[in-house]
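Take a look at the structure below.
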Protein chains: 2
Amino acid sequence: MRIGELAGRTGVSVRALRYYEEQGLLTSERSESGQRRYAANAVDRVRLIQQLYGAGISSASILEMLPCVLTGVAAPDVLAKLHGHRSSVVQQIEELQETLLQLDSVIAGATEAYATGKPCPPR
Amino acid sequence: MRIGELAGRTGVSVRALRYYEEQGLLTSERSESGQRRYAANAVDRVRLIQQLYGAGISSASILEMLPCVLTGVAAPDVLAKLHGHRSSVVQQIEELQETLLQLDSVIAGATEAYATGKPCPPR
DNA sequence: TAGAAACCTGACATTGACGTCAGAGGTAGC
DNA sequence: GCTACCTCTGACGTCAATGTCAGGTTTCTA
């Protein structure tokens, strides 16, 4: 498929796809005229990249772990980094869960205040 | 306390604290010579700001919701935005949890491959 | 076989949350 | 009062993941 279709299927912009290639995260065949052609599994690849980006992992780190993700083989140092990223994701989740509690208490307080017309006691 | 102490207590840089003030997120008294003086509760305020930043909430949105967080009162539109941010945080958590599963499966596969010396079947 | 739509490369622009530096003034311990 | 450190404002730099634009080629559709 061509780049526009891949963009449409993944919801990622054409510019971003070219950027991924620039970073070595995504490869493509080229037609005779030089246009990019992608295999069907490129869709999954792009989604994986997006997911890792979403976890705050940099393109350099993604590049490092991609072969491992694709082949299942990892050098010990890469494996160590994978563990590092894992802990960072766990920590992010924990922090977000705490933030969620905060937001909930704010929302609850504000909703009640709005219903009763009385401001809640300041924290 | 002065800005350096606040920075030390919160782990946030002096530059960032001035930036928060610039954005209206943090206020300070000024000494006669113009130096910032913070009340003790500024520590909590800074931590709250950091937490909201960590949830990917922009300074503009934080500015909007701060009075509500502090006083417990919220106009209906602000309340709606709070709900919006809440859902976004929930979604982030879900996505990160999925990423965690992916990472775990990669780590498990790579660990086994390293132990047995055999690459896992490509996905 | 037009003409529109998609694609190419290359380069500069953007965004947000700061880092960093310069030059000047404030503060605290000895 | 010296000295070392802290603070001030203002301004430019940074970084990563794109957006956007220009100027040209390719591909699809009527």
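In what follows, every chain begins at residue 1, and chains take the letters A, B, ... in the order their sequences are listed.
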Crowded around A:E98 CD? As in, over 12 foreign heavy atoms under 6.0 Å?
->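 Atom CD in A:E98 is not crowded, with 12 or fewer foreign heavy atoms closer than 6.0 Å.
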In terms of heavy-atom contacts, does CD of A:E5 have more than 12 from other residues, nucleotides or ligands at under 6.0 Å?
-> yes
In whole angstroms, how far is the [atom2] atom of [N] from the [atom1] atom of [X]?
X     : N      : atom1 : atom2 : value
B:E22 : D:dA11 : CD    : P     : 11 Å
B:E21 : D:dG10 : CD    : P     : 12 Å
B:E32 : D:dT7  : CD    : P     : 18 Å
A:M1  : C:dA6  : CE    : P     : 17 Å
B:Q50 : C:dA17 : CD    : C1'   : 10 Å
A:L6  : C:dC8  : CG    : P     : 11 Å
B:E5  : C:dA28 : CD    : P     : 12 Å
A:E29 : C:dC7  : CD    : P     : 17 Å

Could you say whether B:V14 or A:S13 is positioned toward the 5' end of DNA chain D, judged by the nucleotide with the nearest heavy atom to each?
-> B:V14
With DNA chain D as reference, determine whether A:S33 or A:L17 sits nearer its 5' end, using the nearest nucleotide of each.
-> A:L17
Nearest heavy-atom pair of A:V46 and A:Y20: which atoms, and what distance?
->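 It is CG1-CE1, 4.3 Å.
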Please confirm whether the shortest side-chain N or O distance from [X] to OP1 or OP2 of [N] is below 4.0 Å.
X     : N      : result
A:R15 : C:dA11 : no
B:S59 : C:dG16 : no
B:R36 : D:dT9  : yes
A:Y19 : D:dA17 : yes

Under 3.5 Å, side chain of B:Q92 to main-chain N/O of B:A55, donor-acceptor pair present?
-> yes
Picking from B:L26, B:T71, B:L48, what satisfies side-chain contact (heavy atoms from CB on, under 4.5 Å) with B:L66?
->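 Going through the options one by one, the only one that passes is B:L48.
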Under 3.5 Å donor-acceptor pair, B:R18 side-chain atoms to D:dT9 base atoms = no
So does B:R2 reach the base of C:dT27 with its side chain, donor to acceptor, closer than 3.5 Å?
-> no
Name the closest nucleotide to the A:Y53 side chain, picking from C:dC18, D:dT18, C:dT27.
->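 When the side chain of A:Y53 is considered, D:dT18 is the closest of C:dC18, D:dT18, C:dT27.
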